[in-house]
*Asks:* 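Have a look at the structure that comes next, please.
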Amino acid sequence: MKVVLGYDGSLAANAAIGSGAALFPGAEAVIVYLCTPPFGSKGLRARLRHSARNVDELIDLVDSESEGEAARLVGTGVTLARAAGWQSEPLVKRTWAGEGLGLAQVAEQLQPDVLIVGARGIGATDSKLGSVSDLVVHHAPRAVLVVSQHMVSAEYDAVADGPVVVGVDGSAGAERALAAARELFPDREVISVAVDDGDTSDPEAEAAHRVRRFRGSGAGATADALVAFADEQRAGGVVVGSRGRSALKKVLLGSGAAATLQRTFRPVLVVPGG
């Protein structure tokens, strides 16, 4: 099991290590810190600006000192990851594409089983367009686990041993999500649940999965039903496919995955379509 985790020293990143290690114990982890312009922290740049004799010297100092600063920061992440039981190594990379696209690029290069990101927003991912977690979910070629820093004790406890709930809708994307959940969580109970508004009935879906009825329509109502079921089951995590058309006449596309991320504080694994 190989994971890549984006680390920036924040509470969200630390929460991602804790929950990621609980969900994927003993994994080989690459802890990634992405340096983005302007390089170096604000405090470091301010100190160097006062000590540099000219602009050329300032640029050289920022280049060298920011590398050391990044190495120390990602080293903290590696230490936390090893303490949590991962076999971890650091990776510091400069990127001009921003953290979100940069992490997606790293995932494309390293081909991990899962890419893990922490989220600071009031939902499981920040609602602002262009946020790191939002960009990673939309662009990463690998499964992405989004971990909120705002989980409460009951949700942290569930991460340790709770089942994994998978939203299915009869689509190829949902089947990929279910297969990924079974492969990535071999020691956990995996519960698949099909959701519909009660106006339709799919006997095959009902026979293969638990069916959760709900009122309303659209991605938001579908996500609400899925999240409510995950809460009832004390789920350690929720798995959704990023796209696919539903045989139950419901859709779990990018909008459905995004709605689920916004409505739960539990870790959410988003599995990309083929």
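Scope of the values below: all heavy atoms of this structure, side chains included, with no hydrogens, waters or symmetry mates.
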*Asks:* Rounded to the nearest 0.5 Å, how far does CD1 of I17 lie from OG of S88?
*Replies:*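 Output value for this atom pair is 8.0 Å.
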
*Asks:* Taking C-beta and beyond as the side chain, do V30 and P112 meet within less than 4.5 Å on heavy atoms?
*Replies:*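 When only atoms from C-beta onward are counted, P112 and V30 do not touch, as no gap falls below 4.5 Å.
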
*Asks:* Decide yes or no for E99 and L135: does some side-chain heavy atom of the first lie under 4.5 Å from some side-chain heavy atom of the second?
*Replies:* no

*Asks:* Do you reckon V117 sits in the same ILVMFWY cluster as L101, going by side-chain contacts under 4.5 Å, direct or chained?
*Replies:*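 Hydrophobic grouping puts V117 apart from L101.
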
*Asks:* Considering only heavy atoms from C-beta outward, does the side chain of R142 approach that of V4 to under 4.5 Å?
*Replies:*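 A side-chain contact under 4.5 Å is absent here.
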
*Asks:* Just wondering, do V271 and E175 contact through their side chains at under 4.5 Å, heavy atoms?
*Replies:*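 In short, these two side chains do not touch, never coming nearer than 4.5 Å.
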
*Asks:* Got a sec, which residues hit side chain to side chain contact (heavy atoms under 4.5 Å, CB included) with P163, two or more places apart in sequence or on another chain?
*Replies:* E189, I191, Q233

*Asks:* L261 and V270: side chain to side chain contact (heavy atoms under 4.5 Å, CB included), yes or no, with the steps?
*Replies:* CA-CA 9 Å; L261 285 163; V270 181; 4.2 Å; yes

*Asks:* CZ/F185 to CG/D187 distance, rounded to the nearest 0.5 angstrom?
*Replies:*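 Taking CZ in F185 and CG in D187, the distance rounds to 11.0 Å.
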
*Asks:* Counting distance only, does the side-chain N/O of D113 pair as donor-acceptor with the main-chain N or O of K2 below 3.5 Å?
*Replies:* yes

*Asks:* Find out whether L226 and V240 are in side-chain contact, i.e. whether some heavy atom of one side chain is under 4.5 Å from a heavy atom of the other.
*Replies:*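 Side chain of L226 against side chain of V240, heavy atoms only: contact under 4.5 Å found.
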
*Asks:* Rounded to the nearest 0.5 Å, what separation is found between the CZ atom of R266 and the CZ atom of R234?
*Replies:*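 Reported to 0.5 Å precision, the distance equals 8.5 Å.
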
*Asks:* Look up atom CZ in F265 and atom CE in M151, then write down how far apart they are to the nearest 0.5 Å.
*Replies:* 10.5 Å

*Asks:* So how far is it from D231 CG to E155 CD, rounded to the nearest 0.5 Å?
*Replies:*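 D231 CG to E155 CD: 7.0 Å, rounded to 0.5 Å.
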
*Asks:* Please report the shortest heavy-atom distance between N14 and G9, naming the atom on each side.
*Replies:* ND2-O, 4.2 Å

*Asks:* Run the side chain to side chain contact (heavy atoms under 4.5 Å, CB included) test on L178 and R182 for me, step by step, so that the C-alpha distance in whole Å, both residues' side-chain angles and the decisive distance to 0.1 Å come before the verdict.
*Replies:* CA-CA 6 Å; L178 182 57; R182 288 170 174 163; 3.7 Å; yes

*Asks:* With heavy-atom distances below 4.5 Å as the criterion, would you say the side chains of L11 and R120 are in contact?
*Replies:* no

*Asks:* Can you check whether V106 reaches T95 side chain to side chain, under 4.5 Å on heavy atoms?
*Replies:*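 No, too far: nothing below the 4.5 Å cut-off.
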
*Asks:* Between L103 and H139, does a side chain to side chain contact (heavy atoms under 4.5 Å, CB included) hold up when you go through it step by step?
*Replies:* CA-CA 9 Å; L103 284 173; H139 295 286; over 6 Å; no

*Asks:* Restricting to side chain to side chain contact (heavy atoms under 4.5 Å, CB included), what partner residues turn up for P141, sequence neighbours left out?
*Replies:* A107, E108

*Asks:* How long is the gap from CG on L110 to CD on Q105, to the nearest 0.5 Å?
*Replies:*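 So the gap between those two atoms works out to 10.0 Å.
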
*Asks:* Mind checking whether Y7 and V78 have side chains closer than 4.5 Å, heavy atoms only?
*Replies:* no

*Asks:* Any chain of hydrophobic side-chain contacts (each under 4.5 Å) joining L23 to L80?
*Replies:* yes

*Asks:* Could you pull out all residues at least two apart from N54 that satisfy side chain to side chain contact (heavy atoms under 4.5 Å, CB included)?
*Replies:* D56, E57

*Asks:* Does the side chain to side chain contact (heavy atoms under 4.5 Å, CB included) test come out yes or no for V227 and V238, once each step is laid out?
*Replies:* CA-CA 8 Å; V227 169; V238 180; 5.9 Å; no

*Asks:* At their closest point, which heavy atom of A22 faces which heavy atom of V159, and how far apart are they?
*Replies:* CB-CG1, 3.6 Å

